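Take a look at the structure set out below.
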Amino acid sequence: MKILMFGRGVIATIYGWVLQQAGHDVEFYVRPGRAATYGDAVDLDLFDTRRRVWGQRVAEKWPVRYREALEPDHDFDLIVLSVPHHRLAEATAFLAPRAGQATVLIFGNLWTEPLAAIGALPADQIAWGFPQAGGGFGADGVLHGALLPSVVFGTLGQPPTDRERAVRQAFREAGLRIKERPDFRGWLWVHFASDAGMFSQGLRLGSLSQLAGATGDLREALLAGRELLPLLKARGVDLRRHRGGVLPFRAPTWLTAPVLAWLTAHVAPARVSLTAHSDPDAEEPREVCRDTLAEARRLGISVPRLEAAEPHFAREGTGRVLFSRVRAR
Ligand SMILES: NC(=O)C1=CN([C@@H]2O[C@H](COP(=O)(O)OP(=O)(O)OC[C@H]3O[C@@H](n4cnc5c(N)ncnc54)[C@H](OP(=O)(O)O)[C@@H]3O)[C@@H](O)[C@H]2O)C=CC1
Ligand SMILES: CC(C)(CO)C(=O)C(=O)O
């Protein structure tokens with residue numbers, strides 16, 4: 001397949017590498033002028049768990065190809081669109097007139113109705129998925145991350161179309177197991193709420209990385225997630241269809257918090273997925289928390305832990321966040 005990764009973010013880079021390794025022809029679309037600043041190779045430092053449970057360390061310089069323009073008559077078969085949810089509207093507006101004949105895989109967090117989130121992109125060209133990888137670029141420019149052996153794909157109630165099956169096949173050929181989620185709208189929202197629980201407590205400490213190995217703070221994150229279950233129900237999510245996703249929030253925290261703490265302290269792929277999120281000024285965690293809290297308020301759901309963390313993600317009139325000001329003191 002000829003594949004265009006949109007942007008050169010964390011997820012686009014990890015899966016671009018995986019797909020190219022599987023023999024696909026991979027290029028990155030970056031904003032005009034950006035290719036030179038990114039440089040012609042990515043420094044990867046990954047734990048790849050596709051073949052080994054504890055992960056195989058990959059440290060390599062991966063030469064990549066960029067394009068800074070996209071015309072609708074391109075011949076890409078697949079465009080992978082993986083951006084933070086608050087950047088999706090801008091990205092879909094750019095891509096809608098340029099999608100050509102490609103299938104567009106929406107591959108990330110969402111908190112709105114999925115079909116509204118794709119804007120003017122043609123709905124019959126869309127596939128839905130979610131990465132099972134994590135990480136971040138360090139100050140040294142190296143991408144530190146972990147790749148899990150599966151990847152999530154979903155549909156909005158219908159069986160996968162031919163296009164959607166072809167995308168699953170491309171990921172399967174890359175050695176990834178496909179986890180199929182027929183109520184993907186609900187799955188995405190459960191995931192978003194669970195991120196809000198984690199991010200709210202990470203922001204309280206400075207960044208998500210601080211949660212690694214921290215039993216008490218992970219307990220708070222799990223309880224913050226538990227408080228969001230009524231919000232999901234109020235949004236119409238049938239939680240019985242997402243038992244696996246909500247189990248960590250329903251299970252007793254005397255059990256789950258120490259297990260999570262142990263995993264994130266001692267198991268390299270789990271540890272790296274958290275510790276790579278060390279940027280105290282990262283915007284996405286704040287946007288996730290803001291949007292979740294706004295929805296809880298709109299629907300009149302009490303979320304005391306998220307609310308208590310609000311000073312760390314609230315926006316000032318100027319657009320700066322309160323938290324940056326507190327840190328600067
Ligand atoms: N990172 C992680 O560990 C995980 C992330 N996810 C989810 O995956 C998705 C992607 O996350 P991640 O890879 O971390 O995000 P990043 O912020 O690392 O990457 C986004 C990329 O998209 C580019 N981009 C965004 N908007 C545009 C635009 N309009 N035009 C051109 N380029 C654009 C950005 O470029 P620029 O810098 O120029 O804006 C950047 O390169 C998110 O939904 C996230 O929640 C899920 C699991 C784990
Ligand atoms: C919580 C975290 C950081 C896991 O890597 C994430 O970004 C996600 O799964 O959405």
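The structure presented is a predicted model; accordingly, all values stated were derived computationally and were not measured. Counting convention: from 1, in listed order, for ligands and their atoms alike.
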Parallel under 30°, tilted from 30 to 60°, perpendicular over 60°: which one fits the rings of Y66 and Y38? parallel

Using non-hydrogen atoms of the residue, decide whether G136 is closer than 4.0 angstrom to ligand 1. no

Pairing of R34 and E68 as salt bridge, 4.0 angstrom limit: no

Region of F94 engaging ligand 1 - heavy atom pairs below 4.0 Å: neither

Is L78 linked to F130 within one hydrophobic cluster, defined over Ile, Leu, Val, Met, Phe, Trp and Tyr using a side-chain heavy-atom separation of less than 4.5 Å? no

Nearest neighbour of atom 47 (C) of ligand 1 from the list A133, G134, A89, G108, on a heavy-atom basis: A133

Applying a strict 4.0 Å limit to heavy atoms, is Q132 in contact with ligand 1? no

Is it the side chain (CB and beyond), the backbone, both or neither of P131 that lies under 4.0 Å from ligand 1, heavy atoms counted? side chain

Heavy atom of Y38 under 4.0 Å from ligand 1? yes

Please find the pair of heavy atoms, one from M1 and one from V167, that lie closest to each other, and give the distance. CE-N, 4.3 Å

When the ring planes of F153 and F171 are compared, do they come out parallel, tilted or perpendicular, using 30° and 60° as the limits? perpendicular

Judged on heavy-atom distance to atom 11 (O) of ligand 1, which of L143, I11, L110, V10 sits nearest? I11

Compute the ring centroids of Y29 and F76, then answer whether they are less than 6.0 Å apart. no

Should L88 and F199 be regarded as members of a common hydrophobic cluster, given that ILVMFWY residues are connected when their side-chain heavy atoms come within less than 4.5 Å of each other, either directly or indirectly? yes

For ligand 1, which atoms have a heavy atom of E90 less than 4.0 angstrom away? 28 (C), 29 (N)

Please work out whether any backbone atom (N, CA, C, O) or any side-chain heavy atom from C-beta onward of F192 is under 4.0 Å from ligand 1, and answer side chain, backbone, both or neither. neither

Check the orientation of W111 and W189. Use parallel for under 30°, tilted for 30 to 60°, and perpendicular for over 60°. perpendicular

Out of all atoms in ligand 1, which are within 4.0 Å of some heavy atom of H277? Include the element for each. 1 (N), 2 (C), 3 (O)

Using a 4.0 Å heavy-atom threshold (strictly under), name the region of F137 that reaches ligand 1: side chain, backbone, both or neither. neither

